[in-house]
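Notes to accompany the following structure.
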Amino acid sequence: MTQIGIRKTIPTLLFLVITARLDEAHKSQESENVPTSQEASPFDAEYLDRVWGGLSWKREHEMKTLNITLHLKIHPINPVAVLWEPATAIASYLEESCEENNNWVRGKKVLELGAGLGLPGLAAACLGGNVTVTDKPELLPWLQHGIDLNLKSIQNTSGEIRAEVLIWGDDEKIRSMPRQDLIIVSEAIYDISTVDDLISTMVRLSHDDTTIIVSQGVWIEGSTLEGAWTKFFHDSAEYFEFSPLPVEYDDSISFVGKVRKTSNTEEKISEISPGHTEL
């Protein structure tokens, strides 16, 4: 068979496998009198097991200095539940920098925004951080599933982690949260309409010594979504000062930032976060 024939055949076979799996799951659900695939959320971890149980849709991340393997289950077709390179880049950076700098994450309050599967948050928890991974409501089952898969490793390192819903700019939710020592944003800056709320959320949950780590796939450069990335750095420069991570990672653009220490920083933060309560 020619290379062109192979390239055409593989997608066809994959489509047939996917169709068969969905049909099998649908019939199984009808016989068990459980919700059908039309009623079940594609983000639901139990539904995923029923549909894709015979296929391997799992990823692992090695934390070699801790002798820990983090386990994640990914969605085979939905990009918001896939493990992207920026997440592995941040997880690797946290481990490497903690080895070099006396585990600076231990005991710190860590927040991951738009976490998806939450790998950086899981890594921070294994490093002893007090971590909150957050995303939209439909992603919460995926975050919790990742926590459940890795809970023993986290407990063995005295870390803490929880999954919560946080919509950027949600005033009531943000007021209920403490300021964070480390804020992580991984592969989440691609919708220009959400950038203002993201920056507002970051500012309101920061203090003078908060560290910000932001990473995005190199695919964004030159794409139609690059405007969101450009706007984020332009508009956030009023509050944060970013520089490239000291280590480069494949297929990702990563920066570390600190709160700008200027005479009017406190005034700016109070303007953007009226009534924020310190916990």
Side-chain angles (χ1 to χ4, degrees), residues 43 45-46 48-49 52-53 55-76 80-135 139-164 166 180-188 210-217 245-252 254-256:
F43 297 97
E46 292 183 5
L48 181 73
D49 282 334
W52 305 98
L55 299 177
S56 176
W57 297 100
K58 298 177 182 178
R59 290 285 300 274
E60 295 180 347
H61 177 81
E62 301 288 340
M63 299 187 73
K64 295 180 180 179
T65 62
L66 300 177
N67 195 28
I68 288 175
T69 300
L70 294 174
H71 303 276
L72 294 165
K73 183 166 288 187
I74 67 172
H75 197 292
V80 297
V82 170
L83 185 60
W84 299 104
E85 286 80 3
T88 60
I90 293 179
S92 298
Y93 172 73
L94 290 176
E95 181 183 4
E96 294 164 10
S97 63
C98 281
E99 185 180 21
E100 297 172 0
N101 297 290
N102 196 29
N103 196 352
W104 62 276
V105 172
R106 182 172 296 280
K108 296 293 194 294
K109 291 192 288 290
V110 181
L111 174 68
E112 185 174 2
L113 297 171
L117 297 178
L119 175 62
L122 290 167
C126 287
L127 292 163
N130 183 354
V131 181
T132 305
V133 287
T134 66
D135 213 311
L139 268 295
L140 200 63
W142 289 85
L143 287 171
Q144 189 58 54
H145 194 56
I147 292 172
D148 294 341
L149 285 174
N150 300 284
L151 189 58
K152 185 175 180 181
S153 296
I154 294 168
Q155 291 174 337
N156 288 341
T157 58
S158 301
E160 298 179 43
I161 190 167
R162 66 204 60 81
E164 296 182 4
L166 174 58
Q180 305 291 314
D181 302 307
L182 169 62
I183 297 176
I184 297 168
V185 185
S186 167
E187 194 74 13
T210 297
T211 297
I212 312 288
I213 300 179
V214 177
S215 186
Q216 191 75 20
L245 280 188
V247 182
E248 290 187 7
Y249 297 93
D250 291 341
D251 300 320
S252 61
S254 305
F255 294 85
V256 60

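Quick note: residue numbers are just sequence positions, from 1.
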Salt bridge (charged side-chain N to carboxylate O under 4.0 Å, His left out) contacts touching residues 139-160 (sequence neighbours left out): Glu160-Arg162

Heavy-atom pair with the smallest gap, counting every atom of Val256 and Ile213: CG2-CG1, 4.3 Å

Separation between CD1 of Ile90 and OG of Ser215, rounded to the nearest 0.5 Å: 4.5 Å

Closest approach of Met63 to Leu127 (non-hydrogen atoms, all atoms of both residues): CE-CG, 4.0 Å

Crowding at CG, Asn67 (>12 non-hydrogen neighbours, <6.0 Å): no

Contact summary for Leu143 and Thr134, nearest pair of heavy atoms: CD1-C, 4.0 Å

Rounded distance [0.5 Å steps], CG in Leu72 versus CD in Glu60: 9.0 Å

Between Thr69 and Glu62, a side-chain donor and acceptor under 3.5 Å: yes

For the student: nearest non-hydrogen atoms of Gly116 and Trp142, plus distance: O-CB, 4.4 Å

Spacing of CH2 belonging to Trp104 relative to CG belonging to Leu94, to within rounding of 0.5 Å: 5.5 Å

Considering all heavy atoms, the nearest Ala87-Pro120 contact: O-CG, 3.6 Å

side-chain contact (heavy atoms from CB on, under 4.5 Å) partner of Tyr93, the single match among Pro246, Ser254, Ser252: Pro246

Glu99-Thr65 side chain donor-acceptor pair, cut-off 3.5 Å: no

Set of ring pair (Phe, Tyr, Trp, His ring centres under 6.0 Å) partners for Phe255, sequence neighbours left out: Phe233

Member of Leu119, Ile68, Leu122 meeting the side-chain contact (heavy atoms from CB on, under 4.5 Å) criterion with Asn150: Leu122

Approximate separation, where rounding is to 0.5 Å, of Asn130 CG and Lys109 NZ: 7.5 Å

Residue pair Trp84 / Ser186, side-chain donor-acceptor N/O under 3.5 Å: no

Separation between CD of Glu164 and CG of Leu111, rounded to the nearest 0.5 Å: 9.0 Å

Minimum heavy-atom distance between Gly121 and Glu112, given as atom pair plus value: N-OE1, 2.9 Å

